[in-house]
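For reference, the structure is listed below as structure tokens.
Model, not experiment: these values are computed from the prediction.
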Amino acid sequence: MWVDDFHIDTFPTTNADYARFCAATRYPVPKHWENGRCPPELYDHPVVHVTWRDAAEYATWAGKSLPSAEQWEKAARGTSGRTFPWGDQKTAAKCNVREAGVEGTTSVSRYHSGVSPYGVYDMVGNVWEWLSTLTAPGRYELRGSAFTSPLFRGAPAVPNDANDTMHDDDTGFRCVATPEQMAPRRR
């Protein structure tokens with residue numbers, strides 16, 4: 001399938017990124033942040049406890065959008081259609097999935113050997129990622145699996161979805177930008 005040009009974020013949106021958005025827009029912070037602030041040791045971890053709407057609001061603020069299923073899968077599998085971002089071998093040590101035994105999110109830059117052919121991190125494991133692809137009224141696709149998921153659920157071609165109001169400790173997002181979104185804005 002042909003996918004038009006796009007740029008995808010190298011890393012999932014971090015707590016630090018999301019904190020800047022909340023501060024700039026007065027958007028509500030994730031409910032698990034103590035006293036409305038993310039703990040410093042989690043700044044470089046993916047933001048979690050965000051609904052699809054929260055993710056979409058952040059993307060709009062950043063001048064981007066949530067990726068479509070096709071964009072996300074291409075960024076994860078490359079043009080050769082790899083089973084996993086790193087190749088076709090089942091290797092749990094290349095990502096934060098249940099078999100890794102971490103039992104929580106990790107820094108978004110931790111798994112260097114698990115990057116996609118385009119240099120994109122955490123396309124398998126760490127957190128499920130919200131996409132722009134609607135699967136049914138009020139439901140959107142998720143991809144990538146999380147620290148709570150077995151490795152086989154993380155294969156980029158394996159779809160998942162959830163109600164757009166769902167938020168939990170293993171779901172986050174990343175953004176994409178098309179050439180139109182990246183073009184300089186005239187004032």
Side-chain angles (χ1 to χ4, degrees), residues 8-22 27-34 36-39 41-62 64-73 75-76 84-85 92 95-111 114 116 120-176:
I8 193 163
D9 291 346
T10 302
F11 304 107
T13 301
T14 64
N15 285 299
D17 297 330
Y18 202 76
R20 283 189 290 279
F21 158 68
C22 293
Y27 199 81
V29 301
K31 69 177 187 174
H32 69 289
W33 288 5
E34 294 179 24
R37 306 194 105 175
C38 176
E41 66 273 12
L42 298 179
Y43 283 168
D44 66 346
H45 287 228
V47 66
V48 294
H49 285 290
V50 289
T51 65
W52 182 89
R53 181 178 170 265
D54 297 336
E57 290 284 340
Y58 173 93
T60 299
W61 172 79
K64 301 177 183 182
S65 56
L66 295 177
S68 68
E70 294 81 11
Q71 289 170 326
W72 194 95
E73 190 171 335
F84 295 100
C95 55
N96 183 12
V97 291
R98 185 184 302 158
E99 291 89 338
V102 177
E103 299 180 0
T105 61
T106 59
S107 168
V108 296
S109 63
R110 178 173 175 173
Y111 291 94
S116 80
V120 183
Y121 284 69
D122 282 353
M123 298 300 280
V124 172
N126 222 0
V127 294
W128 286 101
E129 296 183 17
W130 284 114
L131 303 182
S132 64
T133 305
L134 191 66
T135 59
R139 294 186 71 81
Y140 287 87
E141 197 157 325
L142 296 164
R143 290 283 178 107
S145 76
F147 68 90
T148 56
S149 309
L151 178 61
F152 77 88
R153 291 278 298 164
V158 177
N160 188 12
D161 72 348
N163 185 293
D164 61 5
T165 60
M166 185 275 300
H167 61 90
D168 58 24
D169 67 347
D170 69 355
T171 305
F173 66 98
R174 77 177 71 223
C175 300
V176 296

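Atom CE of residue Met123 and atom SG of residue Cys95 lie 12.5 Å apart, to the nearest 0.5 angstrom. In this structure, CH2 on Trp128 lies 8.5 Å from OG1 on Thr171, to the nearest 0.5 angstrom. Here Asn15 contributes atom CG and His45 contributes atom NE2; the two are 8.0 Å apart, rounded to the nearest 0.5 Å.
Nearest heavy atom pair, residue Arg139 against residue Asn163, reads NH1-N, 3.4 Å. Summarising the geometry of Asp9 relative to Lys64, their closest heavy-atom pair is OD1-NZ, 2.7 Å, with the distance given to 0.1 Å. Of all heavy-atom pairs spanning Val124 and Val97, the tightest one is CG1-CG1, 4.1 Å. Trp130 and Ala55 get closest at one heavy-atom pair: CD1-CB, 4.1 Å. Closest approach of Gly154 and Ser145 over heavy atoms only: CA-OG, 3.3 Å.
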- Task: Please test Asp44 against Ser107 for side-chain hydrogen bond (donor to acceptor under 3.5 Å, both in side chains), starting from the C-alpha separation and ending with a verdict.
- Result: CA-CA 5 Å; Asp44 66 346; Ser107 168; 2.9 Å; yes

- Message: Working note: Thr133 + Arg143, criterion side-chain contact (heavy atoms from CB on, under 4.5 Å); need CA distance, chi angles, decisive distance, verdict.
- Response: CA-CA 11 Å; Thr133 305; Arg143 290 283 178 107; over 6 Å; no

- Message: Walk me through whether Tyr121 and Asn126 qualify under side-chain hydrogen bond (donor to acceptor under 3.5 Å, both in side chains).
- Response: CA-CA 10 Å; Tyr121 284 69; Asn126 222 0; over 6 Å; no

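Taking the side chain as every heavy atom from C-beta outward, Gln71 and Leu131 never approach each other to under 4.5 Å. The closest side-chain heavy-atom distance from Phe173 to Asp54 is not below 4.5 Å. When side chains are defined from C-beta on, Tyr111 counts as touching Thr106, because their heavy atoms get closer than 4.5 Å. Within the 4.5 Å cutoff, side-chain heavy atoms of Thr51 are placed close to those of His167. Annotation: side chain of Val47 is not in contact with side chain of Asp17 (no heavy-atom distance under 4.5 Å). The shortest side-chain heavy-atom distance between Leu151 and Phe84 falls under the 4.5 Å cut-off. Counting heavy atoms from C-beta on, the side chains of Tyr43 and Thr14 never come closer than 4.5 Å.
Ring orientation note: the planes of Tyr58 and Phe21 are nearly perpendicular, at an angle over 60° on the 30°/60° scale.
Annotation: Glu41, atom CD; neighbour count of heavy atoms from other residues, nucleotides and ligands within 6.0 Å is above 12.
Looking at Arg174 and Asp122, no side-chain N of the basic residue comes within less than 4.0 Å of a carboxylate O on the acidic one, giving no salt bridge.
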